Amino acid sequence: MTKKDFITGMEFSAKQLQEIIDLAISFKKGKVPQHAERIITLFFANPSLRTRLSFESGMKKMQGKVNVLSGNDTWNFEYREGAVMNADKQEHIKEAAQVISKYTDLLAIRKSELITTKSDQSDSNWNELKKDEAIATLAKYATVPVINMESNMFHPCQALADIMTMIEQFKSIKNKKYVLTWAPHPKPLPLATPHSQLLMPAMFGMDVTLAHPPSFNLDEDVIKLAKAQAKESGGSLQITQDQEKALKNADVVMAKSWASLKYFGDWQKETKHRNKFKNWIIDNEKMSLTNEAIFMHCLPVRRNVVVSDEVLDSGKSIIIQEAENRMWAQMALMHYLLTLKS
Ligand code: CP
């Protein structure tokens, strides 16, 4: 089997991603392939509902097998190359990646320093975290394809399901107005999901508008990549701090909260700044500015903080379809990776 990883999503061209989505749509219609005796190992260093169950159920629907490991089940892995392992890390990912590859056909990992159920984030340095050293080192030494189930920088499985959901809705999504809007939240949240939710629509030629309050810029490297992708695909990318202007004539409203990189690590200041923008909640009044847009969110969502009940429970909200499509899109991704020819 050829080893191809799915870490940023950009290891694949838009054409290949479209092929995966076409497969996902056909699986959803009942044409599910069989992968009996193929095994995926899912390693979760952080909590999950959708990602875990959608991978597990998806592989089982294809008659495949699933191993699930949580951070508590394994040795404490060291991910840094050249580390002197004289403290609390018992096993280097260099060995672990090669060993797990002998037991499994696919290896998926969720490891983000920013996903936490705690009320505060730990001290962290964005320039270090954005290197995504853990998944990079795992992928370097694994001999089977590695799938990113959310790292510090990217959540491409979420974005793949989002694109599938929009294609189901509109058939062609090229030049549809897609607004990714920052939304309020009591906690500083990771940037991986909005990064991927910016990049993949740009790859698919959507007219993307990113709206956020001051000091909530996404990572500058991701913005550069999204601009390049939009140029290549014939889409566009606008960035604004005016949410109402952004929402005008939108076909899709994708709401998401994320932490401020300006105040990253100084969580007291970050929270004080974030709390100034509670009026960025998506409600019916905001949705009325749009072109009868569909409402999307990756979930979990804080009701009446990120988005009002009236929007979330309206006919325009396709959040459950979006979550369901995590399973179909990942089944197609697993099938694609398992059947790649060299
Ligand atoms: N959207 C998403 O990744 O959900 P989980 O964190 O529950 O997996």
Side-chain angles (χ1 to χ4, degrees), residues 6-9 21 24 40-60 66-73 106-119 121 129 132 134-135 146-166 168 178 180-183 185-201 218 252-259 282 294-303 305-307 312 317-334:
F6 188 69
I7 294 174
T8 65
I21 289 167
I40 187 165
T41 297
L42 309 176
F43 175 57
F44 285 95
N46 312 96
S48 165
L49 173 73
R50 276 145 292 273
T51 306
R52 174 171 173 168
L53 287 183
S54 56
F55 265 106
E56 280 201 66
S57 295
M59 192 54 160
K60 287 173 186 171
V66 186
N67 299 321
V68 185
L69 289 173
S70 81
N72 299 330
D73 296 329
L106 296 169
L107 175 49
I109 179 169
R110 168 170 283 196
K111 178 155 175 47
S112 163
E113 270 54 58
L114 306 174
I115 306 175
T116 163
T117 50
K118 287 183 238 143
S119 59
Q121 302 285 6
L129 296 184
D132 265 347
I135 193 164
V146 170
I147 299 172
N148 183 358
M149 299 194 293
E150 191 170 345
S151 62
N152 292 321
M153 273 293 264
F154 299 108
H155 193 359
C157 292
Q158 180 65 51
L160 191 67
D162 293 345
I163 297 284
M164 174 184 171
T165 308
M166 290 188 279
E168 283 183 327
Y178 168 93
L180 173 59
T181 176
W182 183 91
H185 200 280
K187 275 187 58 194
L189 291 189
L191 288 103
T193 301
H195 282 167
S196 292
Q197 288 177 328
L198 186 78
L199 276 171
M200 222 177 267
L218 292 178
V252 181
V253 176
M254 178 72 79
K256 185 75 191 86
S257 194
W258 59 87
I282 296 292
I294 50 172
F295 176 82
M296 299 180 74
H297 189 281
C298 62
L299 304 181
V301 68
R302 302 266 187 149
R303 282 178 172 262
V305 176
V306 172
V307 52
L312 215 43
S317 168
I318 56 167
I319 53 168
I320 304 303
Q321 181 184 338
E322 183 184 358
E324 177 189 348
N325 285 342
R326 291 291 307 277
M327 181 178 73
W328 301 110
Q330 289 155 198
M331 284 168 71
L333 175 66
M334 290 187 278

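The basis for the numbers below is simple: all heavy atoms, side chains too, and nothing from hydrogens, waters or symmetry mates. Given the structure is predicted, the values throughout are model-derived calculations rather than measurements. Every number for a ligand or one of its atoms is a count from 1 in the order of the listing.
Set against the non-hydrogen atoms of Thr51, the atoms of ligand 1 under 4.0 Å away are 2 (C), 3 (O), 5 (P), 8 (O). Near Leu49, meaning under 4.0 Å from one of its heavy atoms, ligand 1 places the atoms 5 (P), 7 (O), 8 (O). The ligand atoms of ligand 1 that sit less than 4.0 angstrom from a heavy atom of Leu299 are 1 (N), 2 (C), 4 (O). Within ligand 1, the atoms closer than 4.0 Å to a non-hydrogen atom of His155 are 2 (C), 3 (O), numbered from 1 in the order shown.
Where the criterion is an N or O separation shorter than 3.5 Å, residue side chain and backbone included, Arg110 meets it with respect to ligand 1. Close N/O approach between Pro47 and ligand 1 is not found [any backbone or side-chain N/O within under 3.5 Å]. Distances between N or O atoms of Glu150 and those of ligand 1 include no value under 3.5 Å.
Under the 30°/60° scheme for interplanar angles, the aromatic rings of Trp258 and Trp182 are found to stand perpendicular.
Contacts between Met149 and ligand 1 below 4.0 angstrom, taking non-hydrogen atoms only, are absent altogether. Only the side chain of Gln158 comes within 4.0 Å of ligand 1, judged by heavy-atom distances. Of all the heavy atoms of Thr193, none lies under 4.0 Å from any atom of ligand 1, so neither backbone nor side chain is involved.
Considering only non-hydrogen protein atoms, atom 4 (O) of ligand 1 sits nearest to Arg50 NE, 2.9 Å.
We find the CD-CD1 distance between Gln197 and Ile163 to be 9.5 Å, quoted to the nearest 0.5 Å. The distance from the CZ atom of Arg110 to the SG atom of Cys157 is 9.5 Å, given to the nearest 0.5 Å. The structure places CG of Asn46 at 9.0 Å from CD1 of Ile109, a figure rounded to the nearest 0.5 Å.
Under 3.5 Å, the side chains of Ser54 and Gln330 contain a donor-acceptor pair of N or O atoms.
At a 4.0 Å cut-off, at least one heavy atom of Arg326 sits close enough to ligand 1 to count as contact.
Using a 4.5 Å heavy-atom threshold, the side chains of Ile135 and Met153 count as separate. In this structure, the side chains of Glu168 and Asn325 come closer than 4.5 Å at one or more pairs of heavy atoms.
Although no hydrogens or angles enter the test, the distance criterion places no donor-acceptor pair under 3.5 Å between the side chain of Ser70 and the main chain of Phe44.
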